[in-house]
**Student:** 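Following this message is one structure expressed as structure tokens.
No hydrogens, no waters, no symmetry mates; every other heavy atom, side chains included, goes into these values.
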Protein chains: 2
Amino acid sequence: MFVRMPGKMTTTVESNSSAPHSAREKLLTAAVELFRTNGYDATSLDDICRSAGVTKGALFHHFAGKQAIAAACLEAWSETMANMVATAPFNELEDPVERVLGWIDFFSGALSRPETIKSCLAGTIVQEVSESNPALRDAAHGCIANGERRFQTLLDEACADRERQLDTASLARLWSASLQGSLLLYKATRDPAVFADSLGHVYRYIESLFSE
Amino acid sequence: MFVRMPGKMTTTVESNSSAPHSAREKLLTAAVELFRTNGYDATSLDDICRSAGVTKGALFHHFAGKQAIAAACLEAWSETMANMVATAPFNELEDPVERVLGWIDFFSGALSRPETIKSCLAGTIVQEVSESNPALRDAAHGCIANGERRFQTLLDEACADRERQLDTASLARLWSASLQGSLLLYKATRDPAVFADSLGHVYRYIESLFSE
DNA sequence: ACAAACATACCAACTGGTCGGTATGTTGTC
DNA sequence: GACAACATACCGACCAGTTGGTATGTTTGT
């Protein structure tokens, strides 16, 4: 009895709408926060279930295992980030260079607010599983690459507008590295000033590349 | 069969070198490498003992527990790094600004070599234990702060020479963040080019602050 | 129209293995 | 024979994953 059904299984992407507060949603929300704050290894499935207010049975009904729920979290995280920058005010700016600088300000400002959880799910996970779990590593890498691509698009538009030829790919990497590095430094120092410090220099550097 | 430490040893905390191949040294060496590559949680004490070729009894004879051996690793790591930059060729440069740029080149070059393990013990550990283990977090923070201070000294000398007034503390933080961020990006991408990419921009930014 | 057959969503209890740590034994040296 | 420097064997806690079950739909043959 209770045959695990073959065939369809709805193939993941029912992400939007459907049940508002199903166990699945509650598990994802809880898992994202726990993974972000405590890391992958240090977060047990029991922790997630307790925080979500459901049981292990529910978790294993919706996800194949720990890796699977982490992968789902990463996908949700990527969407959350995409949505966040898509609706951010800097998009309204007309000048493409201002939009680039506005992007940096947006993140710098958000991370300086006390209530913001200062952790990137992808960065947190990838450091732990880089050697041990290629599937999760690639999923986290995808998240980061998505963010880089979005910023690079802004940079390309600014280059086109100012008729500059910049290596926008490596600049986007500088952005990613500085952001992830700032988050790591925050975890060491607990000093929110790291964001304004480091990202401020990146701001002025990129600004200088478009001025002169 | 096994040559025991000659005579002295005695006074417990003899962190420095030269001791042939005592179990303590072997444990530290093995632990540093395992923690760097696999992280804190994912490295078990059995892993360390197996890699060092000793037993758990030896480990608990020399260290009070996992946190203690990790703390000892961090102290050893800080010394290793200090020694590494102290003996690096860029110190011979006469121009203080060249020495600053030489520091960046030194790290960028070292990390671009294939045989280098692309991981900072302090950065790896601090991300995992930031919320759960304040003692280890502070120890790792100390490592990072030491590196920052050393770089800031170089920056201060360059400022004095060129009669510039720069916020060298925040510049040192930019360096730390970019380095740690690059290491994290490498763990995601496995692309050694991240170092030349990101650190190259930091190089040119700092260079520009001293030129003009 | 209706019930058998099946599918979905969840739950509580358990299992097998791992891990940090301990208790105790053995060996070489002063 | 006291002590440092190990080794061996083991324990309790925890954790990912399993098992077997309940309750509520949803489809389908007649």
**Student:** Expressed as a whole number of angstroms, how long is the span from B:Leu59:CG to D:dT8:C1'?
**Tutor:** 15 Å
**Student:** Rounding to an integer number of Å, can you tell me how far B:Arg50 CZ sits from C:dC19 P?
**Tutor:** 8 Å
**Student:** For the side chain of A:Lys66, starting at C-beta, report the closest nucleotide among D:dG17, C:dT22, C:dC10.
**Tutor:**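 Closest nucleotide to the A:Lys66 side chain: D:dG17.
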**Student:** Under 4.0 Å from OP1 or OP2 of D:dC6: is there any side-chain N or O of B:His61 that close?
**Tutor:** no
**Student:** Which sits closer to the 5' end of DNA chain D, A:Gly65 or B:Val54, going by the nucleotide each is nearest to?
**Tutor:** B:Val54
**Student:** In whole angstrom, what separates B:Glu25's CD from D:dC6's C1'?
**Tutor:**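 Going from CD in B:Glu25 over to C1' in D:dC6 covers 16 Å.
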**Student:** Quick one: B:Leu45 CG to D:dA7 P, roughly how many Å, whole number?
**Tutor:** 15 Å
**Student:** Once you round it to whole Å, what is the distance between C1' of C:dG20 and CG of B:Asn133?
**Tutor:** 14 Å
**Student:** Distance-only, no hydrogens or angles: does the B:Thr37 side chain make a donor-acceptor pair with backbone N or O of B:Glu33 under 3.5 Å?
**Tutor:** yes
**Student:** For B:Phe60 and D:dC10, what is the distance between atoms CZ and P respectively, to the nearest whole Å?
**Tutor:**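 My rounded result for the distance is 18 Å.
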**Student:** Would you mind reading off the distance between A:Lys26 atom NZ and C:dC11 atom P, rounded to a whole angstrom?
**Tutor:** 8 Å
**Student:** A:Ser130 and B:Arg190: side-chain donor and acceptor closer than 3.5 Å?
**Tutor:** yes
**Student:** Round to the nearest Å and state the distance from B:Leu27 atom CG to D:dA5 atom P.
**Tutor:** 13 Å
**Student:** Looking only at side chains, do A:Asp156 and A:Thr168 share a donor and an acceptor under 3.5 Å apart?
**Tutor:** yes
**Student:** Would you say B:His62 places a side-chain N or O within less than 4.0 Å of OP1 or OP2 belonging to D:dC6?
**Tutor:**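 It does, given that an N or O in the side chain of B:His62 lies less than 4.0 Å from OP1 or OP2 of D:dC6.
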**Student:** Taking B:Leu93's backbone N and O only, do any of them form a donor-acceptor pair with B:Glu98's side chain (distance below 3.5 Å, no angle check)?
**Tutor:** no
**Student:** So does A:Lys56 reach the base of D:dG17 with its side chain, donor to acceptor, closer than 3.5 Å?
**Tutor:** yes
**Student:** Between B:Thr55 and A:Asp47, which is nearer to the 5' end of DNA chain D once each is assigned its nearest nucleotide?
**Tutor:**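 So the residue in question is B:Thr55.
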**Student:** In terms of the angle between their ring planes, are B:Phe107 and B:Trp175 parallel, tilted or perpendicular, with boundaries placed at 30° and 60°?
**Tutor:**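 B:Phe107 and B:Trp175: perpendicular rings.
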